[in-house]
Amino acid sequence: GQNIDQPTEMTATEGAIVQINCTYQTSGFNGLFWYQQHAGEAPTFLSYNVLDGLEEKGRFSSFLSRSKGYSYLLLKELQMKDSASYLCAPYSYMDSSYKLIFGSGTRLLVRP
Amino acid sequence: GAGVSQSPRYKVAKRGQDVALRCDPISGHVSLFWYQQALGQGPEFLTYFQNEAQLDKSGLPSDRFFAERPEGSVSTLKIQRTQQEDSAVYLCASSLAGGGLYGYTFGSGTRLTVV
C-alpha cells in the first residue's frame, strides 16, 4: 500500500519562509508532485521531482530524497495569496498502471 | 480545449438516483485520473485510464461506481443508486503522457450533493 504523511496545518507570517514536509512509503516510485489548492478550487501544479535534490522555481522550491522517502516544499517571501492547502503526491508505476496518490494536504495560513 | 472541462459544475441528486459526471480532458492527453475529494481532505484516487483502457479501478468504492472512456478522450464517471456518503467533489485530471514529466492538469470538478 501507500502511506503519505504531512502536517495538517501550518501558520506563517507574510514575508517569511515556510517549509512543508512530506514523508511517503510507496512501491514503484517514479517521482513526487506538489500541488496547491485554494479552497473551492482545483489543485494546480507546483513541481515534480524525479531526482534527489532541490529544484527551485521562483519563490517555490521542492526537495526530494528518494532513499529517505522524504520531500519538502519551501515557500519564500510569503504572500497572503499563498494561504491554501499544499498536497504532496508520490507518483508510481506498478501493476502495469500509473498511480498518483495524494496526502491529506497541509493547510497553510499566512498572517499579516 | 485549453483546459480540462468538467460538467456539470454542481449536481444535486436525490438518494437512489443515478448520476453521470463528464470529463473533457485536454485534447491529445493520454492519461486520465478520477478522484473523489471530501471537504478538508486530499483527493482520493478512484480510477486511471491510459487512452481508452482502464488500467486501474482499484479506488472505486463500490460496484455502484463505473467509469468509461470509450474513444480515449471524454470520460464519464457514473454513480448508480447514489447515497449520502457519495456527496463530494469529483475531480478529473489529465496528462499528455504517463511518465509524469508533463504534470497533470485538473478540471474544476463536479460538486455532488446527495439529499
Side-chain angles (χ1 to χ4, degrees), chain A residues 1-9 20 22 24 26-51 55 57 60 62 64 66 84-109, chain B residues 2-7 9-10 23-26 29-51 53-60 67 69 88-111 113:
Chain A
Q2 306 213 13
N3 191 37
I4 303 161
D5 193 29
Q6 52 180 129
T8 304
E9 285 188 358
I20 302 173
C22 172
Y24 62 89
T26 184
S27 304
F29 181 79
N30 267 18
L32 189 136
F33 284 95
W34 282 97
Y35 276 82
Q36 179 191 59
Q37 187 175 28
H38 285 99
E41 297 182 11
T44 55
F45 172 82
L46 290 178
S47 66
Y48 181 59
N49 290 64
V50 177
L51 302 177
E55 290 203 8
K57 198 185 293 185
F60 292 10
S62 55
L64 176 67
R66 296 174 69 116
S85 285
Y86 291 86
L87 302 164
C88 168
Y91 191 56
S92 308
Y93 186 78
M94 53 181 171
D95 300 327
S96 303
S97 180
Y98 287 100
K99 266 183 145 51
L100 179 60
I101 304 298
F102 286 84
S104 297
T106 298
R107 195 158 53 247
L108 173 66
L109 176 62
Chain B
V4 179
S5 177
Q6 291 189 245
S7 60
R9 189 75 174 88
Y10 301 93
C23 172
D24 263 290
I26 295 171
H29 275 202
V30 166
S31 291
L32 187 147
F33 283 100
W34 279 99
Y35 292 90
Q36 180 190 61
Q37 187 171 26
L39 194 63
Q41 300 295 315
E44 290 279 341
F45 166 79
L46 292 177
T47 188
Y48 171 73
F49 288 88
Q50 189 160 302
N51 295 305
Q54 188 176 21
L55 298 185
D56 189 347
K57 54 181 180 179
S58 62
L60 296 175
R69 195 185 184 197
V89 175
Y90 290 85
L91 294 165
C92 167
S94 72
S95 180
L96 186 60
L101 292 178
Y102 297 98
Y104 279 85
T105 303
F106 279 82
S108 297
T110 294
R111 182 178 297 276
T113 303

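Here is how names work: the chains are called A, B, and so on, in the same order as the sequence lines, proteins then strands, and each is numbered from 1. All values below come from the heavy atoms of this structure, side chains included, with hydrogens, waters and symmetry mates left out.
Here the shortest heavy-atom pairing between F102(A) and Y35(A) reads CE2-CD1, 3.9 Å.
Side-chain atoms of K99(A) and T26(A) form no donor-acceptor pair, as typed in the model, at a separation below 3.5 Å.
For Y93(A), no part lies near chain B; criterion is any non-hydrogen pair under 4.5 Å. When heavy atoms are compared at a cutoff of 4.5 Å, Q50(B) approaches chain A solely by way of its side chain, counted from C-beta outward. With a 4.5 angstrom heavy-atom cutoff, Y48(A) touches chain B only via side-chain atoms. Proximity to chain A (any heavy atom under 4.5 Å) is restricted, for Y35(B), to the side chain, taken from C-beta onward. Within the 4.5 angstrom heavy-atom criterion, no atom of Q6(B) approaches chain A. L87(A) touches chain B through its side chain: at least one heavy atom from C-beta onward sits under 4.5 Å away, while N, CA, C and O do not. Residue S96(A) touches chain B through its backbone alone, counting heavy-atom pairs closer than 4.5 Å.
Most heavy-atom pairs under 4.5 Å with chain B, from the set S104(A), G103(A), A39(A), G105(A): that is S104(A). When each of G31(A), A42(A), G40(A), P43(A) is checked for heavy-atom pairs under 4.5 Å with chain B, P43(A) comes out on top.
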- Task: I would like to know whether C23(B) and L32(B) meet side chain to side chain contact (heavy atoms under 4.5 Å, CB included); could you show each step before the answer?
- Result: CA-CA 9 Å; C23(B) 172; L32(B) 187 147; 4.0 Å; yes

- Task: Check the pair S97(A) / D95(A) against side-chain hydrogen bond (donor to acceptor under 3.5 Å, both in side chains), numbers first and verdict last.
- Result: CA-CA 6 Å; S97(A) 180; D95(A) 300 327; over 6 Å; no

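The closest side-chain heavy-atom distance from I101(A) to I4(A) is below 4.5 Å.
Atom OH of Y102(B) has 12 or fewer neighbouring heavy atoms from other residues, nucleotides or ligands inside a 6.0 Å radius. Counting non-hydrogen atoms of other residues, nucleotides and ligands closer than 6.0 Å to CD of E44(B) gives a total of 12 or fewer.
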